[in-house]
Engineer: 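The following block contains the structure, expressed as C-alpha cells.
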Number of protein chains: 2
Amino acid sequence: MVKRTSHQSADCLIARPLDAIGDWWSLLIVRDAFDGLRRFGEFQKSLGVAKNILSARLRNLVAHGILEIVPAPDGSAHHEYVLTEKGRGLFYVLVALRQWGETYFSGPGEPYTFMVDTRTGRPIRRLEVHAEDGRLLAPGETRLADFRQQPE
Amino acid sequence: MVKRTSHQSADCLIARPLDAIGDWWSLLIVRDAFDGLRRFGEFQKSLGVAKNILSARLRNLVAHGILEIVPAPDGSAHHEYVLTEKGRGLFYVLVALRQWGETYFSGPGEPYTFMVDTRTGRPIRRLEVHAEDGRLLAPGETRLADFRQQPE
DNA sequence: TCCATTCGGTTGCAACTTGAAACCGTTGCG
DNA sequence: CGCAACGGTTTCAAGTTGCAACCGAATGGA
C-alpha cells in the first residue's frame, strides 16, 4: 500500500498494524464483518465503494490473515469472507474508535447509535487502560519500554 | 481527504473519526505527539515523511481539533503542536492498535517494545470490553443499538 | 556585523493510486 | 434454455503522494 520500507519508525508496532489493515476502507470492511456481513455484494452495498477497490481491499485483508475465505455456508458456489481470530482482535480498535466518535462526532439530532451488550441490550462501558496493579491510567501515563528494561 | 459525502454508511461513528484523522500518517503523528514530540522537525525526523505531506497532515489535525498550535515554550518564535483533549482521546485507539500489533506483528528477534505504566515501569493490562454490569464481553458480543431502543 | 545554518514550510512535477463505468465469465433460477 | 444477479477485472480520467528544489525568517558563530 504505502512504501513503509523506507521509513523505519522507532515504533513499528503501530505502523505495521496500520500497514496490514491497508486503509480506511479496510477498517470499515472489518467493522461490517463484525456486523455479520460476509458477501462481496453485501460489503459493496453497505459501503458504497467501487468494486475494484473493494476487491483489492478484500484481497489484502485475506493476504494479511484478517479475513479468510470460506467456501460457502449453504452449498452455494460463491464464497464468503469471515474474520479470522486475528481479525477479531481488531474489535478493540473499533470500539476505541467508536467511543471516540461518540464523544466528539455525534451531533445532536443525528441518528445516534451506540454499542450495547447483545445479551442485555444495555450500553457497554467505556474503555479504560489499567496498570498491572489495577490503577486506572490516563492518557500520557504510559510510555514505551524496551523488553530489556523489564523485569520478567 | 476522502469523499465520504457520497457513501452514507449506516455507522458514521466509525467513518467520521477515520475521516477526521485523515490517514495513517496522521495517526503516527498523534502517536509521536503522545511520545512528547512537538516540533515540525521532530515529527519529520521521527516519521521520515515528506515535508509537504507532514505540513498538510498537521494542518488537517489542527483543523479537526486534534492538535493545536501553541506559541512557544521558550520564547522562541517557532510554534509547537500539542494534543488537545480531543486528541488525547485517541489514546485508546493507539493502545488498541498497539496491543493488536504486539500480539500479531512482533516477530522474534525484533526490538520489542511495549507499553508500561510510567509510574512503575510495569506493563499495562490488555484492553477489555465490559458490559454495564461488569461482565467481560468478547468480540461479537455487542451490537449497535438505536437510542430509541434504549431504556434511559 | 556578517555569513552560514537550521527551522518550517511552499511549489513543481513525475509517478502512483483511486474510483466510476464498462465489461465479462459464472451461478442461480424459472 | 434464457435471463438476471453475483463476483469480480479492465480501462481510463482525475486526484493524491512524495521527492526535490526552493525560500524566507530565525538562530548561531566567528
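Lettering of chains follows the sequences in order, A, B, ..., and the numbering in each one begins at 1.
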Engineer: Between C:dT26 atom P and A:His79 atom NE2, what is the distance in whole Å?
Structural biologist: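 Distance, rounded to whole Å: 15 Å.
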Engineer: Does D:dA26 have its OP1 or OP2 closer than 4.0 Å to a side-chain nitrogen or oxygen of B:Ser76?
Structural biologist: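 Negative; the distance criterion is not met.
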Engineer: Given that A:Ala77 and A:Lys51 both sit by DNA chain C, which one's nearest nucleotide is further toward the 5' end?
Structural biologist: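 Nearest nucleotide further toward 5': that of A:Lys51.
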Engineer: Does the Lys NZ or Arg CZ of A:Lys51 fall within the cation-pi geometry relative to A:Phe40 - under 6.0 Å from the ring centre and within 45° of the axis?
Structural biologist: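 Output no; distance or angle outside limits.
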Engineer: Between atom CG in A:Asn52 and atom P in D:dG7, what is the gap in whole Å?
Structural biologist: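 Spelled out: CG on A:Asn52 to P on D:dG7 is 16 Å.
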Engineer: Could you tell me how far apart B:Arg59 (CZ) and C:dT10 (C1') are, to the nearest whole angstrom?
Structural biologist: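 One finds 9 Å between C1' of C:dT10 and CZ of B:Arg59, rounded.
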Engineer: Go through the side-chain N and O atoms of B:Asn52 and B:Ser55 and say whether any donor and acceptor fall under 3.5 Å apart.
Structural biologist: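 Checked: B:Asn52/B:Ser55 side chains show no N/O donor-acceptor pair below 3.5 Å.
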Engineer: What nucleotide, of C:dT18, C:dG8, C:dA20, holds the atom closest to the side chain of A:Ala50?
Structural biologist: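 Selected nucleotide (nearest to the side chain): C:dA20.
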Engineer: If the threshold is 4.0 Å, N to carboxylate O, is there a salt bridge linking B:Asp117 and B:Arg119?
Structural biologist: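 Result for this pair is no, no salt bridge flagged.
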Engineer: Nearest whole Å is fine: how far is D:dG7 P from A:Glu42 CD?
Structural biologist: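 Atom CD in A:Glu42 sits about 8 Å away from atom P in D:dG7.
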Engineer: Just so I know, are the side chains of A:Trp24 and A:Arg57 near enough to count as touching, which here means a heavy-atom distance under 4.5 Å?
Structural biologist: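 No, every pair of side-chain atoms sits at 4.5 Å or beyond.
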Engineer: At less than 4.0 Å, is any side-chain N or O atom of B:Trp25 found next to OP1 or OP2 of D:dT17? Yes or no.
Structural biologist: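 No, B:Trp25 has no side-chain N/O under 4.0 Å of OP1/OP2 on D:dT17.
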Engineer: Using a heavy-atom cut-off of 4.0 Å across all strands, would you classify A:Tyr81 as base, sugar-phosphate, or nothing?
Structural biologist: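 If one applies the 4.0 Å heavy-atom cut-off, A:Tyr81 turns out to touch the sugar-phosphate alone, with no base involved.
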Engineer: Rounded to whole Å, please give me the gap between CD1 in B:Ile53 and P in C:dA15.
Structural biologist: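 Atom CD1 in B:Ile53 sits about 17 Å away from atom P in C:dA15.
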Engineer: Could you tell me how far apart A:Phe43 (CZ) and D:dG8 (P) are, to the nearest whole angstrom?
Structural biologist: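 After rounding, the gap between these two atoms is 11 Å.
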Engineer: Separation of B:His78 atom NE2 from C:dT5 atom P, in whole Å?
Structural biologist: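 Value for this atom pair: 17 Å.
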Engineer: Are the side chains of A:Leu28 and B:Leu18 in touch, meaning some heavy atoms are under 4.5 Å apart?
Structural biologist: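 A side-chain contact exists here, since the closest heavy-atom pair is under 4.5 Å.
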Engineer: Respond yes when some side-chain nitrogen or oxygen of A:Ser55 is under 4.0 Å from OP1 or OP2 of D:dT9, and no when none is.
Structural biologist: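 So the side chain of A:Ser55 is within the cut-off, an N or O lying under 4.0 Å from OP1 or OP2 of D:dT9.
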Engineer: For A:Asn60 and C:dT17, what is the distance between atoms CG and P respectively, to the nearest whole Å?
Structural biologist: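 Whole-Å distance recorded here is 12 Å.
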Engineer: Strictly below 4.0 Å: does B:Arg39 bring a side-chain N or O up to OP1 or OP2 of C:dC7?
Structural biologist: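 Indeed not, no polar side-chain atom of B:Arg39 lies that close.
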